[in-house]
**Student:** 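Shown below is the structure under consideration.
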There are 2 protein chains.
Amino acid sequence: MTQPAPSGEPETAAPVLALVDDDDDIRSSLSRALRLRGFEVETFASAAAFLGTDMPLRFDCLILDYGMPGMNGLELQCELNARGAAPPIVFITGHGGVPESVQAMKGGAIDFLEKPFRQPVLIERIQAACEIAAERRLRNAADRALAERFSRLTAREMEIVERMIESPSESSSKEVGRHLGISPRTVDHHRARILEKLGVRSVAELIDLARQRG
Amino acid sequence: MTQPAPSGEPETAAPVLALVDDDDDIRSSLSRALRLRGFEVETFASAAAFLGTDMPLRFDCLILDYGMPGMNGLELQCELNARGAAPPIVFITGHGGVPESVQAMKGGAIDFLEKPFRQPVLIERIQAACEIAAERRLRNAADRALAERFSRLTAREMEIVERMIESPSESSSKEVGRHLGISPRTVDHHRARILEKLGVRSVAELIDLARQRG
DNA sequence: CCTTGCCTAGGTAATGTTGCGAATTTCGCC
DNA sequence: GGCGAAATTCGCAACATTACCTAGGCAAGG
């Protein structure tokens with residue numbers, strides 16, 4: 001397995017980067033340098049080409065040229081944000097100024113470098129961005145796993161869970177049952193299923209888990 | 001608890017701004033314009049002068065010149081961040097470039113404008129920053145209120161709370177007592193005090209509250 | 001010395017939880 | 001339409017946990 005070896009550390013896997021730049025020289029030289037550093041790089045000559053891929057979400061980090069013909073980097077960032085997918089972005093720009101960089105940063109960009117840049121600097125910034133990406137991905141994975149567990153609950157069970165989250169102090173079977181117009185014993189049964197399905201062993205853990213999800 | 005929020009002044013009224021700039025003209029003209037827009041403004045000719053005030057935290061928003069003799073705006077931002085107090089900052093700069101703006105934004109700045117700026121634009125940005133400030137203050141107030149309630153707990157009570165948070169599934173008196181080497185009765189007593197002091201009515205609420213705090 | 005606050009604990013009554021068992025309804029499928 | 005699986009509903013009784021009242025030992029401070 002190719003190891004990125006960013007600082008001699010054994011990473012879990014090679015970070016996958018997307019390099020979007022209309023400059024052929026930049027694409028070839030930068031991607032080569034990045035591959036030498038252990039990254040996996042895919043290049044795109046335009047924002048449209050990038051959006052045209054079936055899965056723009058699979059990248060750990062985007063290296064995005066700001067000034068491109070057609071859709072520029074900032075517009076691409078806005079488009080991605082609008083789609084709800086906001087991967088860590090490192091901008092590189094030839095003619096951008098302060099307003100552009102500020103807007104990009106406000107839009108959630110991780111970094112913003114001017115051309116000409118020194119490759120070691122850029123690579124170091126990308127490394128940092130990938131670390132942030134890794135954290136985000138971990139959290140996203142955890143969230144999805146959590147949502148998946150909750151999706152196993154039936155409608156009634158979900159209703160009971162929501163009731164419990166809403167007012168934890170009244171999450172006893174008696175209270176919940178009274179509120180839903182059913183017997184406390186039934187709530188007992190449902191709650192047992194809920195705890196079993198979610199893999200928790202107490203109401204406190206359930207509340208805790210449900211709070212993390214929203 | 002020193003200030004029970006006197007109910008005579010509407011808190012929502014005038015955002016209090018700090019304007020730190022070594023340029024006399026900027027200070028006078030900008031502060032005048034801001035006051036006309038309903039802001040309360042205090043001006044400082046240097047970062048040192050600002051830090052010299054007894055309370056640099058009372059401002060809703062900082063308008064900070066980046067290039068100043070002595071400590072510059074970015075250093076002041078770092079200093080404030082190091083002190084744990086990070087008020088919303090809007091930078092204005094005469095000679096700063098992209099790297100400076102990026103670093104400022106990374107440091108938590110709300111905005112970054114270049115001189116010469118058009119006053120309406122700056123004021124609009126400051127307005128936006130103040131809204132963010134208001135949100136932050138609300139959250140901070142809630143956090144402090146929470147911390148204040150927790151500070152009323154004794155050492156032993158805190159220990160029990162931490163034990164409960166750590167493993168909610170084993171937060172029964174029996175388990176906690178066994179873990180701490182004391183009788184379940186004693187844990188009962190402590191827990192009753194805890195619930196009373198924190199104003200919650202169940203262990204679930206306690207866990208929920210404690211999780212919000214950290 | 002007395003008061004105050006904290007930690008400790010027992011006993012009893014109330015409350016909540018769980019296991020065993022079972023009826024009715026709903027839903028997808030042949 | 002019929003059939004089986006899953007969901008929802010519940011009672012009863014045993015078990016576990018918590019709440020409430022009470023109270024002693026201990027250290028700090030007036």
Side-chain angles (χ1 to χ4, degrees), chain A residues 145-213, chain B residues 1-2 145-213:
Chain A
L146 206 58
E148 205 274 337
R149 280 201 281 177
F150 271 93
S151 72
R152 288 211 160 106
L153 299 181
T154 67
R156 197 54 154 173
E157 287 163 353
M158 203 50 143
E159 199 175 356
I160 292 178
V161 169
E162 285 170 359
R163 187 73 188 78
M164 285 177 165
I165 315 172
E166 195 180 323
S167 58
S169 64
E170 296 168 357
S171 56
S172 70
S173 297
K174 182 186 292 183
E175 293 296 327
V176 176
R178 195 167 53 80
H179 186 268
L180 295 180
I182 58 179
S183 159
R185 186 60 187 84
T186 307
V187 180
D188 279 345
H189 177 263
H190 287 315
R191 189 187 41 209
R193 290 295 149 147
I194 292 168
L195 296 185
E196 182 190 354
K197 284 182 180 178
L198 295 183
V200 295
R201 287 195 314 249
S202 69
V203 182
E205 274 186 7
L206 165 62
I207 305 259
D208 199 31
L209 213 65
R211 277 273 196 268
Q212 287 177 28
R213 212 207 35 156
Chain B
M1 284 308 223
T2 50
L146 206 58
E148 205 274 338
R149 280 201 281 178
F150 272 92
S151 72
R152 287 209 160 118
L153 300 181
T154 68
R156 196 55 154 173
E157 287 163 355
M158 204 51 144
E159 200 174 355
I160 292 179
V161 168
E162 286 169 0
R163 187 75 187 78
M164 285 177 163
I165 314 174
E166 195 181 322
S167 57
S169 64
E170 297 169 357
S171 56
S172 71
S173 298
K174 181 187 288 183
E175 292 297 327
V176 176
R178 196 166 53 80
H179 186 266
L180 296 180
I182 58 180
S183 160
R185 301 286 118 226
T186 308
V187 179
D188 267 354
H189 176 263
H190 287 315
R191 189 188 40 208
R193 288 286 166 278
I194 292 168
L195 296 184
E196 183 190 354
K197 284 181 179 178
L198 295 183
V200 296
R201 287 193 313 247
S202 70
V203 182
E205 274 188 9
L206 166 61
I207 306 261
D208 198 32
L209 213 64
R211 279 272 198 268
Q212 288 178 26
R213 213 207 35 157

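Reminder, nothing fancy here: chain letters follow the sequence lines and each chain counts from 1. No experiment lies behind these values; they were computed from the predicted model shown.
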**Student:** Closer than 4.0 angstrom, basic N to acidic O: yes or no for A:Arg191 and A:Asp188?
**Tutor:**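 A salt bridge is present here (some side-chain N lies under 4.0 Å from a carboxylate O).
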
**Student:** Would you call A:Glu159 and A:Arg163 a salt bridge, taking side-chain N to carboxylate O under 4.0 Å as the test?
**Tutor:**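 Salt bridge between A:Glu159 and A:Arg163, a charged N being under 4.0 Å from a carboxylate O: no.
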
**Student:** When rounded to the nearest 0.5 angstrom, what is the spacing between OG in A:Ser171 and CD1 in A:Ile165?
**Tutor:**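 Reported to 0.5 Å precision, the distance equals 10.5 Å.
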
**Student:** Judged by modelled atom types alone, do A:Glu157 and A:Thr154 share a side-chain donor-acceptor pair under 3.5 Å?
**Tutor:**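 There is such a pair between these side chains.
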
**Student:** Measure CZ/A:Arg201 against P/C:dT18 and give the value in whole Å, please.
**Tutor:**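 Going from A:Arg201 (CZ) to C:dT18 (P), I get 12 Å.
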
**Student:** So how far is it from B:Ile194 CD1 to B:Glu196 CD, rounded to the nearest 0.5 Å?
**Tutor:**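 Spacing of CD1 (B:Ile194) from CD (B:Glu196) equals 11.0 Å.
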
**Student:** Each nucleotide in nucleotides 6-18 of chain D should get exactly one letter: B, S or -. Can you fill that in based on protein heavy atoms under 4.0 Å?
**Tutor:** -SBBBBB----SB

**Student:** Please tell me if the side chains of B:Pro168 and B:Arg211 come closer than 4.5 Å, counting only heavy atoms from C-beta onward.
**Tutor:**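 Heavy-atom side-chain distance check passes, below 4.5 Å.
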
**Student:** Starting at atom CD of B:Glu196, determine the distance to atom P of D:dC21, rounded to an integer number of angstrom.
**Tutor:**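 It works out to 12 Å between those atoms.
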
**Student:** Report yes if some heavy atom in the side chain of B:Glu166 is under 4.5 Å from a heavy atom in the side chain of B:Glu162; otherwise report no.
**Tutor:**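 No, every pair of side-chain atoms sits at 4.5 Å or beyond.
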
**Student:** So do A:Ile182 and A:Arg156 actually touch side chain to side chain, heavy atoms under 4.5 Å?
**Tutor:**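 Of all side-chain heavy-atom pairs linking A:Ile182 with A:Arg156, at least one is under 4.5 Å.
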
**Student:** Rounding to a whole Å, what distance do you find between B:Met158:CE and C:dC7:P?
**Tutor:**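 Distance, rounded to whole Å: 12 Å.
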
**Student:** Taking five pairs at each end, how big is the angle between the two axes of the helix from C:dC1-D:dG30 to C:dC30-D:dG1, to 10°?
**Tutor:**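 Computed angle between terminal axes is 40°.
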
